[in-house]
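Reading through the structure tokens given below for one structure.
A, B, ... follow the sequence lines: proteins, then strands. Residue 1 opens every chain.
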2 protein chains.
Amino acid sequence: MDTDAVDASRPPQAGAAFLLAQLGAHAAELFAQRIVRLDLTPAQAGLLRLLAQTPGRSQRELADVLGMPPSRFVPFADDLERRGLLERRKNPGDRRLHALFLTEDGAELLSRLRVEAAAHEKQMCAALAPSEHQELTGLLRRLAQQQGLSPGIHPGYRSMRTSSTSTAGRPAPDQSTA
Amino acid sequence: MDTDAVDASRPPQAGAAFLLAQLGAHAAELFAQRIVRLDLTPAQAGLLRLLAQTPGRSQRELADVLGMPPSRFVPFADDLERRGLLERRKNPGDRRLHALFLTEDGAELLSRLRVEAAAHEKQMCAALAPSEHQELTGLLRRLAQQQGLSPGIHPGYRSMRTSSTSTAGRPAPDQSTA
DNA sequence: TATTGTTATACTCTATAACTATA
DNA sequence: TATAGTTATAGAGTATAACAATA
């Protein structure tokens with residue numbers, strides 16, 4: 001009985017919840033690094049996927065799904081539009097709305113994105129045998145469903161960088177104003 | 001051969017890596033909400049755990065482990081010191097160093113933190129049977145080890161709120177469309 | 001009057017770089 | 001001269017709120 005369950009000097013092994021947070025942050029970081037080559041941030045990649053899934057949605061809708069305020073969505077979409085990856089079309093029925101669509105270039109980039117995602121998947125699960133990999137995926141899917149997470153987007157998009165304007169590279173120690 | 005073609009309009013099911021990022025962000029969010037009651041952020045909780053594990057480390061060391069620059073660590077520790085949760089002691093051998101220790105109040109708060117962590121674990125894994133829960137934990141541990149993640153701290157601490165001062169203004173908008 | 005998209009402003013957070021005290 | 005801790009400042013990123021067009 002003196003063997004207290006909780007010993008402050010030697011904490012218990014990390015549980016699944018902590019490991020999920022730890023591995024999730026790690027996975028997000030690795031993926032972000034990976035798609036720097038495509039000059040995309042994870043949030044931008046999420047929008048491209050979203051546009052492929054359900055084209056023609058309004059900016060307001062998309063901003064809601066991604067969990068960002070409309071005022072932030074505008075420059076976020078502006079950047080991708082300038083790069084020719086998505087296009088805004090006026091909705092004839094309600095001319096207040098801008099329907100967003102993926103361009104051909106956007107679709108092409110998305111397919112390259114999927115290649116990166118596959119490589120990332122392999123890298124993250126390198127420790128597992130194929131059957132274990134499948135087992136893990138199944139368990140995670142059940143967790144996500146029970147937690148009410150919608151497929152394809154995750155809460156992290158809210159707080160993720162929305163622009164990739166050359167901040168993507170190394171710290172670039174510009175030692176100005178010495 | 002055409003069966004493995006990638007159809008943009010109907011993306012493949014999410015893989016384990018994406019689910020990890022999604023569930024990880026979700027878990028971190030839930031945990032953050034949970035410990036608002038203790039007036040702690042996840043990063044603060046991480047430091048308390050760290051101090052219990054290996055007391056007496058210098059601020060520089062701790063900042064490195066948590067992945068934050070020293071200039072940010074100082075006010076971060078200041079806050080917890082003001083609240084009497086940790087204490088700085090001058091190192092007699094090298095008086096430049098501040099050795100950090102958990103106070104009694106800090107240790108007491110940490111034990112309450114562990115209670116919350118246990119409840120959080122149960123909440124996150126509610127979808128699983130006990131044997132599956134154990135199975136998942138084992139798989140995640142192997143992933144974390146293979147990825148070189150050190151136990152107890154995770155990369156997300158770098159970008160997490162370091163103060164809990166009156167952030168309670170906006171509790172939980174809960175904008176997820178479930 | 002309500003809603004979509006947009007712009008502007010104010011605020012928070014952060015890293016970089018100076019500064020001090022010890023070594 | 002180098003390092004631990006600290007402070008100051010400037011910059012990036014954000015949300016809130018005002019605005020214009022359309023309903």
Side-chain angles (χ1 to χ4, degrees), chain A residues 32 41-44 47 56-82 86-100 155-178, chain B residues 32 41-44 47 56-82 86-100 155-173 175:
Chain A
T41 66
Q44 288 173 328
L47 177 56
R57 297 222 259 179
S58 75
Q59 298 191 167
R60 160 76 62 170
E61 267 183 299
L62 293 165
D64 277 354
V65 173
L66 290 175
M68 54 174 72
S71 65
R72 197 167 137 212
F73 185 88
V74 171
F76 178 57
D78 282 347
D79 183 38
L80 296 175
E81 189 183 35
R82 258 193 305 272
L86 61 82
E87 85 183 296
R88 288 172 162 110
R89 296 187 204 155
K90 280 288 186 191
N91 185 328
D94 184 339
R95 295 210 325 259
R96 293 174 303 179
L97 275 64
H98 279 177
L100 262 57
Y157 289 164
R158 270 202 289 277
S159 49
M160 271 171 168
R161 296 284 164 277
T162 51
S163 74
S164 54
T165 55
S166 78
T167 43
R170 283 131 210 79
D174 177 32
Q175 358 187 15
S176 59
T177 66
Chain B
T41 66
Q44 289 173 327
L47 178 55
R57 298 221 258 179
S58 75
Q59 298 191 167
R60 159 76 62 169
E61 268 183 300
L62 293 165
D64 278 354
V65 173
L66 290 176
M68 56 173 72
S71 65
R72 197 167 137 212
F73 185 88
V74 170
F76 178 57
D78 283 346
D79 183 37
L80 296 175
E81 189 184 35
R82 258 193 305 273
L86 62 81
E87 88 184 294
R88 288 171 161 113
R89 296 186 203 155
K90 281 289 186 190
N91 185 327
D94 184 337
R95 296 213 320 263
R96 291 175 303 181
L97 275 63
H98 280 179
L100 263 56
Y157 289 164
R158 271 202 288 278
S159 49
M160 272 173 169
R161 298 283 165 278
T162 51
S163 73
S164 53
T165 56
S166 80
T167 30
R170 260 173 61 82
Q175 52 198 337

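- Residues that satisfy the salt bridge (charged side-chain N to carboxylate O under 4.0 Å, His left out) test with A:Arg96, not counting sequence neighbours, are A:Asp94.
- A close approach under 4.0 Å does not occur between any side-chain nitrogen or oxygen of A:Arg72 and OP1 or OP2 of D:dA12.
- Look at CZ on B:Phe73: it is 20 Å from P on D:dT3, rounded to the nearest Å.
- To the nearest 0.5 Å, the span separating CG on B:Leu66 from CZ on B:Phe73 amounts to 6.5 Å.
- A:Thr41 OG1 to A:Phe76 CZ: the interatomic distance, rounded to the nearest 0.5 Å, is 5.5 Å.
- Distance CG (B:Asp64) to P (D:dG5): 10 Å, rounded to an integer number of Å.
- Closest to the A:Pro70 side chain, of the nucleotides C:dT14, C:dT6, D:dT7, is C:dT6.
- Following rounding to the nearest Å, A:Lys90 (NZ) and C:dG5 (P) show an atom-to-atom distance of 8 Å.
- Distance A:Tyr157 OH to D:dG13 P: 19 Å, rounded to the nearest Å.
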Legend entry - Step-by-step side chain to side chain contact (heavy atoms under 4.5 Å, CB included) determination, A:Leu100 to A:Glu61: CA-CA 10 Å; A:Leu100 262 57; A:Glu61 267 183 299; over 6 Å; no
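- A residue-by-residue look at A:Gly93 and B:Leu97 shows that B:Leu97 has its nearest nucleotide of DNA chain D further toward the 5' end.
- C:dG5 atom P lies 12 Å from atom CZ of A:Arg57, rounded to whole Å.
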Legend entry - Derivation and outcome, side chain to side chain contact (heavy atoms under 4.5 Å, CB included), residues A:Asp78 and A:Arg82: CA-CA 6 Å; A:Asp78 282 347; A:Arg82 258 193 305 272; 4.2 Å; yes
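- Checking B:Arg89, B:Lys90, B:Glu87, B:Arg57 one by one against B:His98, the side chain to side chain contact (heavy atoms under 4.5 Å, CB included) holds for a single residue, B:Lys90.
- Side chain of B:Gln59, nearest nucleotide from C:dT14, D:dA15, D:dT6: D:dT6.
- Taking CG from A:Asp79 and CD from A:Gln44, the interatomic distance works out to 5.5 Å, rounded to the nearest 0.5 Å.
- The separation between A:Phe76 atom CZ and D:dG13 atom P is 14 Å, rounded to whole Å.
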Legend entry - Base versus backbone protein contacts along nucleotides 17-22 of chain D [heavy-atom cut-off under 4.0 Å; B, S, -]: B----B
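- Side-chain proximity of B:Val74 to the nucleotides C:dT4, D:dT16, D:dG5 is greatest for D:dG5.
- To the nearest angstrom, P of D:dA4 lies 13 Å from CG of B:Leu62.
- In this structure, CZ of A:Arg60 is placed 14 Å from P of C:dA2, rounded to the nearest angstrom.
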